[in-house]
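The chain is numbered in sequence order, starting from 1.
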Amino acid sequence: MAGVIQRLNAWEKHLGSDLTYPRCVLEIGQQQAQQFSQLVLDELSTYSPDARYIVDKLPHNFEHIGLIRLLFPEASIIHVLREPRDVAVSNYFTDYQAKFGGMGFAYDLADIGEQLIDCERLMQHWHQVVDKPILTVRYEDVVNDTEAQAKRILAYLDLPWTDAVLNYQNLERAVKTASIWQVRQPIYTTSTEKWKRYQAYLTPLITVLEQGVDANEAVADYPATKPGLFFQGMSYLHQQQSTLAEAVFKEILTVHPHHAAALHMLGVALYQQKKLRPALRYMQTATQRHPGHASWYHNLGLVLTALGKTQAATQAFNKAQVLKSALSEHHSLVANWPLPLS
């Protein structure tokens, strides 16, 4: 999901919406979700064009289940649980060489505890809101009865049983994770309740874990527009339905008043209706907030020309030419909309 998240953030930056992941996910419509999912599939196909199944086991996927299910509604998700104190000890003993990266929490017992609580909180949420159930598998159950749990997992995935499942350690495939030595071994039980050996040193961790998840914790209610609303407004503009487009972009601005692209496109809609002065005001505000779009300056020049402001129009056109040579690839990340005034 990292590539999709980067594209989402880049697109919102391109729009000047002030939105970032994960809040921007609320704005994605069905068409955009399909485009993003195809990008993921195209990228995966470069690794193995003939693969029938893809397994993504990155530990932090629990943070992105909402996005995963938005792009792939039928995706099977398996949540593997383990005694949290054993998880903490395992993390603490492993040098991920990412102290200042995504695994920075693993170098402090209290931070590990906070991460585990956050994971539990998020998983409780996902279990409540997703349509297709998430399968929960406990590590201790796998250790105690591997075959039964393996059959349970395959049934969830709607896959047939094969005895080769129990001989995973003999597979000839590359392993590039911190657990490289573990996946080459048969199932072992020595890591169960390993935390008890170090209990005297785990006070910071245990103190955090004992707080648990507050079942009455309030969930932030972020304002959002209808999914895909911005693209609906753009569609209206291209159909010359400027009154409908005006209503859409005004709706966006009631929720996100500093959305630079919505400001500019509202100006476009007003220009189409020959409402030149309000169109100019919105376009100028948009370029002040987000001065990196060549096409926005070009459109601004057209409005200024229509108002008889020749000198200002020339300056806007010149600015557009300067920016045109440095157009960002962000224009094509989701959809490259040619502006209806050009």
Side-chain angles (χ1 to χ4, degrees), residues 1-2 5 9 19-26 56-70 75 77-144 149 152-153 177-179 182 188-224:
M1 288 294 107
I5 293 169
N9 283 329
L19 292 173
T20 57
Y21 181 84
R23 286 187 62 185
C24 61
V25 173
L26 295 170
D56 183 343
K57 65 181 188 70
L58 287 176
H60 282 81
N61 280 342
F62 74 90
E63 297 176 345
H64 312 303
I65 289 177
L67 177 60
I68 291 169
R69 278 291 176 80
L70 176 63
I77 297 174
I78 300 173
H79 178 209
V80 181
L81 278 178
R82 185 183 178 188
E83 155 61 55
R85 289 162 293 191
D86 278 336
V87 174
V89 168
S90 176
N91 274 267
Y92 193 64
F93 282 3
T94 303
D95 183 3
Y96 294 99
Q97 299 182 358
K99 188 171 184 178
F100 302 103
M103 295 299 294
F105 68 89
Y107 295 81
D108 182 275
L109 287 172
D111 287 348
I112 294 174
E114 293 287 356
Q115 182 80 357
L116 289 167
I117 292 294
D118 286 345
C119 179
E120 182 182 355
R121 180 185 295 113
L122 262 178
M123 289 311 302
Q124 286 184 8
H125 168 74
W126 296 132
H127 279 292
Q128 292 171 1
V129 301
V130 298
D131 293 329
K132 182 178 178 179
I134 297 171
L135 177 67
T136 298
V137 177
R138 296 188 177 277
Y139 170 87
E140 292 79 8
D141 293 339
V142 174
V143 170
N144 292 329
Q149 292 303 309
R152 182 167 167 256
I153 292 170
T177 66
S179 59
Q182 294 170 315
Y188 56 91
T189 61
T190 54
S191 290
T192 303
E193 296 189 339
K194 184 176 180 179
W195 69 273
K196 290 184 177 180
R197 307 176 205 171
Y198 310 97
Q199 185 170 0
Y201 307 98
L202 300 181
T203 300
L205 166 73
I206 294 172
T207 299
V208 173
L209 293 179
E210 285 178 346
Q211 297 174 6
V213 176
D214 183 359
N216 298 316
E217 181 181 18
V219 178
D221 186 15
Y222 292 112

Kindly determine whether Gln149 and Asn144 satisfy side chain to side chain contact (heavy atoms under 4.5 Å, CB included), including the steps that lead there. CA-CA 9 Å; Gln149 292 303 309; Asn144 292 329; over 6 Å; no
Show the numbers, then the answer: is there a side chain to side chain contact (heavy atoms under 4.5 Å, CB included) between Ile134 and Ile65? CA-CA 10 Å; Ile134 297 171; Ile65 289 177; 4.2 Å; yes
Show your reasoning for whether side chain to side chain contact (heavy atoms under 4.5 Å, CB included) applies to Tyr107 and Asp95. CA-CA 8 Å; Tyr107 295 81; Asp95 183 3; 2.8 Å; yes
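Here Asp111 pairs with nothing under the side chain to side chain donor-acceptor pair (under 3.5 Å) rule; sequence neighbours left out. Asp108 pairs by the side chain to side chain donor-acceptor pair (under 3.5 Å) definition with nothing, not counting sequence neighbours. With sequence neighbours excluded, no residue forms a salt bridge (charged side-chain N to carboxylate O under 4.0 Å, His left out) with Lys132. Applying the salt bridge (charged side-chain N to carboxylate O under 4.0 Å, His left out) rule to Arg23 yields no partners; only residues at least two apart in sequence or on another chain are considered. In this view, Arg69 satisfies the salt bridge (charged side-chain N to carboxylate O under 4.0 Å, His left out) rule with no residue, not counting sequence neighbours.
Within the model, atoms OH of Tyr198 and CG of Leu109 stand 12.5 Å from one another, a figure rounded to the nearest 0.5 Å. Remark: Met1 CE to His60 NE2 distance equals 15.5 Å, nearest 0.5 Å. Met123 CE to Thr136 OG1: the interatomic distance, rounded to the nearest 0.5 Å, is 6.5 Å.
Annotation: side chain of His79 is in contact with side chain of Leu81 (closest heavy-atom distance under 4.5 Å). Within the 4.5 Å cutoff, the side chain of Leu135 has heavy atoms near those of the Arg152 side chain. The side-chain heavy atoms of Ser90 and Arg82, taken from C-beta on, include a pair separated by under 4.5 Å. Counting heavy atoms from C-beta outward, Val89 and Arg197 have side chains that stay 4.5 Å or more apart.
Within the 3.5 Å criterion, the main-chain N or O of Phe62 finds a donor-acceptor partner in the side chain of Trp126. At least one donor-acceptor pair closer than 3.5 Å links the side chain of Glu140 to the backbone N or O of Glu83. The closest donor-acceptor contact from the side chain of Asn91 to the backbone of Ile112 lies at 3.5 Å or more, if one exists at all. Put simply, the side chain of Asn9 never gets that close to the backbone of Thr20: no donor and acceptor are under 3.5 Å apart. Formation of a donor-acceptor pair under 3.5 Å by the Asp86 side chain with backbone atoms of Lys194 is found in this model.
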Side-chain donor-acceptor pairs under 3.5 Å in residues 200-212, sequence neighbours left out?
residue, atom, partner, partner atom, Å
Thr207, OG1, Thr203, O, 2.8

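Closest of all the heavy-atom pairs between Leu122 and Glu63 is CD1-CA, 3.9 Å. Of all non-hydrogen atoms in Ile68 and Asn61, the two that sit nearest each other are CD1-O, 4.1 Å.
Heavy atoms from other residues, nucleotides or ligands lying under 6.0 Å from OH of Tyr222 number 12 at most.
Side-chain atoms of Arg121 and Gln124 form no donor-acceptor pair, as typed in the model, at a separation below 3.5 Å.
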